[in-house]
Participant: 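Below you'll find the structure I mean.
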2 protein chains.
Amino acid sequence: MESENKIYQELKKRLTTDTYDHGQKLRAEVLREEFECSASTVREILFRLASDGLVHFLDQKGFRVPELSPTKLIELTHMRILLESEGAVLSIRQGGVGWEASLTAAHHKLSHLEKRIHAREDPTELVDLWFNSEKEFHQTLISACSSSTLKHMHSLIYAQFRQQLMKADRKFDFISNNIKQHNDILEAALAADEALTRKRVHDHLARHLTGQTATLASESDAE
Amino acid sequence: MESENKIYQELKKRLTTDTYDHGQKLRAEVLREEFECSASTVREILFRLASDGLVHFLDQKGFRVPELSPTKLIELTHMRILLESEGAVLSIRQGGVGWEASLTAAHHKLSHLEKRIHAREDPTELVDLWFNSEKEFHQTLISACSSSTLKHMHSLIYAQFRQQLMKADRKFDFISNNIKQHNDILEAALAADEALTRKRVHDHLARHLTGQTATLASESDAE
DNA sequence: TTATATTAAAATCTCGAAAATCTGAAAAAT
DNA sequence: ATTTTTCAGATTTTCGAGATTTTAATATAA
């Protein structure tokens with residue numbers, strides 16, 4: 001019998017990696033057995049995850065892993081641009097040398113991983129490490145922003161974004177060619193150039209939206 | 001025995017009006033009795049509301065109405081500015097004459113109420129109507145934006161904002177002098193002036209933030 | 001054959017009670 | 001007098017069984 005929060009974290013982790021299939025049913029009885037707890041406990045946790053947007057709930061029909069949705073991915077990208085560029089600018093204003101240091105550190109780790117992957121050094125195993133490192137970099141970017149509401153919102157969006165992106169067959173074309181972009185973001189942030197940071201965060205996140213129908217209001221602003 | 005969703009809606013309504021005190025304990029047993037359902041059902045609903053940010057949950061210590069927090073209110077205002085100005089601009093681009101019509105309609109109803117309140121016509125009873133009408137106007141403003149993710153996020157933020165603001169003693173000084181500002185927003189939106197709409201949404205929402213410590217990045221952008 | 005009705009199996013939902021945990025007051029020790 | 005320990009009442013959490021609903025397989029009728 002594991003603690004409720006442990007189970008929540010474990011399920012969240014699975015839902016943001018490619019453990020489950022999109023659209024797969026999450027049956028309380030199965031999870032109950034695996035986690036050695038009661039069905040009601042599982043139900044509570046699934047409700048929480050549903051509010052986080054990581055599982056889909058239908059009355060009398062149970063819980064499912066959300067379907068893949070290109071539209072949703074575009075919307076999530078849009079939200080990330082909105083929240084991360086705002087959070088980054090606020091961090092530039094509010095964060096001191098400590099923030100700069102941790103951002104540099106996060107970038108260094110990420111950069112190191114990216115070089116190893118680029119050199120095709122055992123990519124399959126490095127991919128998970130890369131995703132965690134990428135998450136850490138982007139979280140650190142906004143970490144000095146004083147608004148915990150913004151940071152919380154961002155973490156919700158980020159988790160859903162990952163969930164949409166995490167099918168194995170999509171992983172690789174997402175990772176490619178990020179070294180320069182992450183470098184550029186770091187550079188602009190350390191230079192405390194707010195407009196440039198906004199633009200580079202935008203360009204980085206929007207890199208896979210080319211040719212998409214939905215227009216972002218922030219796109220034209222960032223020219 | 002009421003349906004689970006009914007109870008959820010009713011509780012949500014109470015939490016965003018001044019039914020409960022801030023910090024008040026929400027005991028499952030009490031709610032169970034009132035809504036004539038089981039404690040587990042109440043628990044499920046309270047977990048959902050906790051993820052919505054409308055109740056505060058502490059492990060082994062139950063559920064509470066969140067405390068009043070000036071900081072939180074500032075952060076929520078900040079998020080509203082971010083989401084609403086973006087949503088409004090997208091609506092200007094994506095909404096057609098139907099959107100313009102419904103925005104005009106929402107404004108007309110709100111405007112009518114504001115005039116009655118301004119004339120001190122039975123204010124206490126009109127206040128609740130005003131808040132609903134105000135909500136409708138702001139929701140309509142972003143309604144033509146295609147991103148349901150943005151709209152969902154906004155509705156979460158708006159509900160928390162209302163909850164922070166809804167103590168009876170704060171209601172009145174929040175309502176005062178909005179006629180012109182709502183007018184200005186409508187005008188800019190109908191003129192499809194994106195920059196002006198952004199600025200007016202910002203000024204309107206930030207009207208109670210004067211002298212506050214936290215700086216908004218969007219503030220300097222909107223000059 | 002196709003569509004509808006029937007029914008059994010499977011899954012979900014609700015419930016009240018048992019188990020675990022917390023709280024605060026009274027007793028004991030320093 | 002102050003701190004620590006003990007303990008009982010109150011609250012929260014977990015649980016599994018029974019009620020309800022959905023699903024899917026089979027039978028019946030058009």
Side-chain angles (χ1 to χ4, degrees), chain A residues 1-16 19-69 152 160 163, chain B residues 1-16 19-69 152 160 163:
Chain A
M1 178 175 60
E2 311 197 34
S3 95
E4 169 145 347
N5 232 46
K6 272 278 179 59
I7 303 177
Y8 173 82
Q9 291 300 335
E10 171 61 22
L11 267 175
K12 184 168 183 173
K13 187 179 163 191
R14 292 189 190 183
L15 286 162
T16 50
T19 312
Y20 299 126
D21 289 334
H22 293 279
Q24 180 181 336
K25 215 155 194 314
L26 295 165
R27 295 211 289 100
E29 178 59 24
V30 175
L31 296 168
R32 184 205 68 72
E33 197 167 313
E34 179 176 5
F35 290 114
E36 293 174 350
C37 66
S38 81
S40 328
T41 303
V42 169
R43 205 177 143 81
E44 266 172 23
I45 293 167
L46 287 173
F47 266 118
R48 288 213 265 160
L49 289 163
S51 285
D52 293 344
L54 293 176
V55 317
H56 193 216
F57 168 73
L58 278 108
D59 195 51
Q60 308 283 28
K61 293 191 178 179
F63 301 88
R64 286 178 175 281
V65 180
E67 296 286 347
L68 263 187
S69 158
H152 179 245
Q160 289 182 62
Q163 182 178 53
Chain B
M1 175 177 60
E2 312 198 33
S3 93
E4 170 145 346
N5 232 45
K6 273 277 178 57
I7 303 176
Y8 173 81
Q9 291 300 334
E10 171 61 22
L11 266 175
K12 184 168 183 173
K13 187 180 163 189
R14 291 189 191 183
L15 287 163
T16 50
T19 311
Y20 299 126
D21 290 334
H22 292 278
Q24 181 181 334
K25 215 156 193 316
L26 295 166
R27 294 211 288 100
E29 178 60 24
V30 175
L31 296 169
R32 185 206 67 73
E33 198 166 312
E34 180 176 5
F35 290 114
E36 294 175 348
C37 66
S38 80
S40 327
T41 304
V42 169
R43 205 176 144 81
E44 266 171 24
I45 294 167
L46 288 173
F47 266 119
R48 287 212 265 162
L49 289 163
S51 285
D52 293 344
L54 293 175
V55 318
H56 193 214
F57 168 73
L58 278 110
D59 197 51
Q60 307 284 25
K61 293 192 177 177
F63 300 88
R64 287 179 174 279
V65 180
E67 297 286 348
L68 263 186
S69 158
H152 179 245
Q160 290 181 63
Q163 181 178 54

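Every chain is numbered from 1 and lettered A, B, ... according to where its sequence line falls, protein lines coming before strand lines. The figures that follow rest on heavy atoms only: side chains count, while hydrogens, waters and symmetry mates do not.
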Participant: For the side chain of B:H22 and the backbone of B:P66, is there at least one donor-acceptor N/O pair under 3.5 Å apart?
Facilitator: yes
Participant: In whole Å, I'd like the distance from the NE2 atom of B:H56 to the P atom of D:dT12.
Facilitator: 15 Å
Participant: With rounding to the nearest 0.5 angstrom, report the CD1 to CZ distance, B:I7 to B:F35.
Facilitator: 6.0 Å
Participant: Can you sort out which residues in residues 43-55 of chain B have a heavy atom within less than 4.0 Å of DNA chain D? Ascending by number, please.
Facilitator: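 Those residues are B:R43.
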Participant: Would you call B:R43 and B:E4 a salt bridge, using N to O less than 4.0 angstrom?
Facilitator: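 So B:R43 does not pair with B:E4 through a salt bridge.
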Participant: Provide, to the nearest angstrom, the distance between the CG atom belonging to B:N5 and the P atom belonging to C:dC13.
Facilitator: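 The distance from CG of B:N5 to P of C:dC13 comes to 12 Å, rounded to the nearest Å.
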Participant: Considering all heavy atoms of both residues, which atom of B:I45 and which atom of B:L11 are nearest to each other, and what is their separation?
Facilitator: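 Nearest pair, atom of B:I45 first, then B:L11: CG2-CD1, 3.9 Å.
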Participant: Can we call the ring centroids of A:F47 and B:F47 under 6.0 Å apart?
Facilitator: no
Participant: Whole Å only: how far is the CD atom of B:E4 from the P atom of C:dT14?
Facilitator: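 Checked: the CD to P distance equals 5 Å.
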Participant: Which heavy atom of B:L54 sits nearest to which heavy atom of B:L15, and what is that distance?
Facilitator: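 Closest approach of B:L54 to B:L15: O-CD2, 3.8 Å.
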Participant: Any side-chain N or O of B:K25 less than 4.0 Å from the OP1 or OP2 oxygen of C:dT23?
Facilitator: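 Result: no.
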Participant: What is the separation between atom CD on B:E36 and atom P on C:dC13, rounded to the nearest whole Å?
Facilitator: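 Spelled out: CD on B:E36 to P on C:dC13 is 21 Å.
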Participant: Using atom CG of A:L58 as one end and atom P of C:dA11 as the other, report the distance to the nearest whole Å.
Facilitator: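 In whole Å, C:dA11 P lies 17 Å from A:L58 CG.
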Participant: Over how many whole Å does the gap from B:F35 atom CZ to C:dC15 atom C1' extend?
Facilitator: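 In whole Å, C:dC15 C1' and B:F35 CZ are 18 Å from each other.
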Participant: OP1 or OP2 of D:dC15 less than 4.0 angstrom from a side-chain nitrogen or oxygen of A:T41, does that happen here?
Facilitator: yes
Participant: If I take atom CD in residue B:E29 and atom P in nucleotide D:dG9, what distance separates them, rounded to the nearest angstrom?
Facilitator: 18 Å
Participant: Nearest heavy atom decides the nucleotide; on that basis, is B:G62 or A:A39 closer to the 5' end of DNA chain D?
Facilitator: B:G62
Participant: Nearest-Å distance, CD (B:E33) to P (C:dC15)?
Facilitator: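 Rounding to the nearest Å, CD of B:E33 and P of C:dC15 are 14 Å apart.
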Participant: Can you give one letter per nucleotide of nucleotides 19-25 of chain D, 5' to 3': B if a protein heavy atom sits under 4.0 Å from the base, S if only from the sugar-phosphate, - if neither?
Facilitator: --SSS--
Participant: Salt bridge or not between B:E44 and B:R48? Use side-chain N to carboxylate O under 4.0 Å.
Facilitator: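 No salt bridge links B:E44 with B:R48.
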Participant: With the threshold set at 4.0 Å, does a side-chain nitrogen-carboxylate oxygen contact exist between A:E36 and A:K6?
Facilitator: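 No, A:E36 and A:K6 are not salt-bridged.
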Participant: Examine B:R64 relative to B:F57 and say whether NZ or CZ is less than 6.0 Å from the centre of the six-membered ring and inside a 45° cone about the ring axis.
Facilitator: no
